[in-house]
Amino acid sequence: MTSSDPIVEALGAAGYRLTGPRRAVAGLIAEYDGHFTAAELEIAARERRLGVSRATLFRALELLTELHVVERLDLPSGEHAYVPCVREHHHHLVCSRCGRVADVEDGALADAVAEIARRSGYRIESHRLELFGLCRHCQAKAGPSA
Ligand SMILES: [Zn+2]
Ligand SMILES: [Zn+2]
Ligand SMILES: [Zn+2]
């Protein structure tokens, strides 16, 4: 693992010590390309005999979520998953088949939010949006849909 790991950097920037378990959890997360669940992380930690307890794992995940390097996703299945993330405001495109996650910026959505604020009279402070569908890769595998 290198010091350019965004999770390791975020922990340092927020003044957290890079303890063994935190380093282990950061290392596990760095291997995911898409989303992962706490249960998957737990299995991976056990398989590698990292000696990270379930409670430690959950605490580390919670901390990383607070630091916005990991974000919680609510999947259409009702499951909770996590994605490695960046602090800047953005949204996620999530593939419902393979779990690949892509980041998208607000773009025209910012205009839509401004319009909603104008019409409703609310001062909108934040919003969340997650988009689910099939990534290019899974569409290709499924063949042209009828
Ligand atoms: Zn993200
Ligand atoms: Zn996919
Ligand atoms: Zn947005």
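Remember, it's 1-based here, ligands and their atoms both numbered in the order they're listed. None of these values were measured; they are calculated from a predicted model.
- Between the side chain of T56 and the backbone N or O of V52 there is no donor-acceptor pair closer than 3.5 Å.
- Taking distances strictly below 2.8 Å, the protein N/O/S atoms close to the Zn ion (ligand 2) are C95 SG, C98 SG, C135 SG, C138 SG.
- For S96 (side chain) and G133 (main-chain N/O), a donor-acceptor pair under 3.5 Å exists by modelled atom type.
- With a cut-off of 2.8 Å, the Zn ion (ligand 1) has an N, O or S atom of H92 in range.
- When only modelled atom types and interatomic distance are considered, H91 and D103 share no side-chain donor-acceptor pair under 3.5 Å.
- Checked by atom type and distance alone, the side chain of R22 never pairs as donor or acceptor with a backbone atom of A60 at under 3.5 Å.
- Side-chain N or O atoms of Q139 include one that pairs as donor or acceptor with a backbone N or O of L134 at under 3.5 Å.
- Looking at D106, its N, O or S atom nearest to the Zn ion (ligand 3) turns out to be OD1.
- Two residues are said to be in side-chain contact when any heavy atoms from C-beta on lie closer than 4.5 Å; R97 and H137 fail this criterion.
- Taking 2.8 Å as the threshold, H90 does not count as a candidate ligand of the Zn ion (ligand 3), since none of its N, O or S atoms lies below it.
- With contacts defined as side-chain heavy-atom distances shorter than 4.5 Å, the pair V94/V83 does not qualify.
- By the 4.5 Å heavy-atom criterion applied to side chains, F132 and L75 are counted as neighbours.
- The NE2 atom of H127 and the NE2 atom of H89 subtend an angle of 100° at the Zn ion (ligand 3), given to the nearest 10 degrees.
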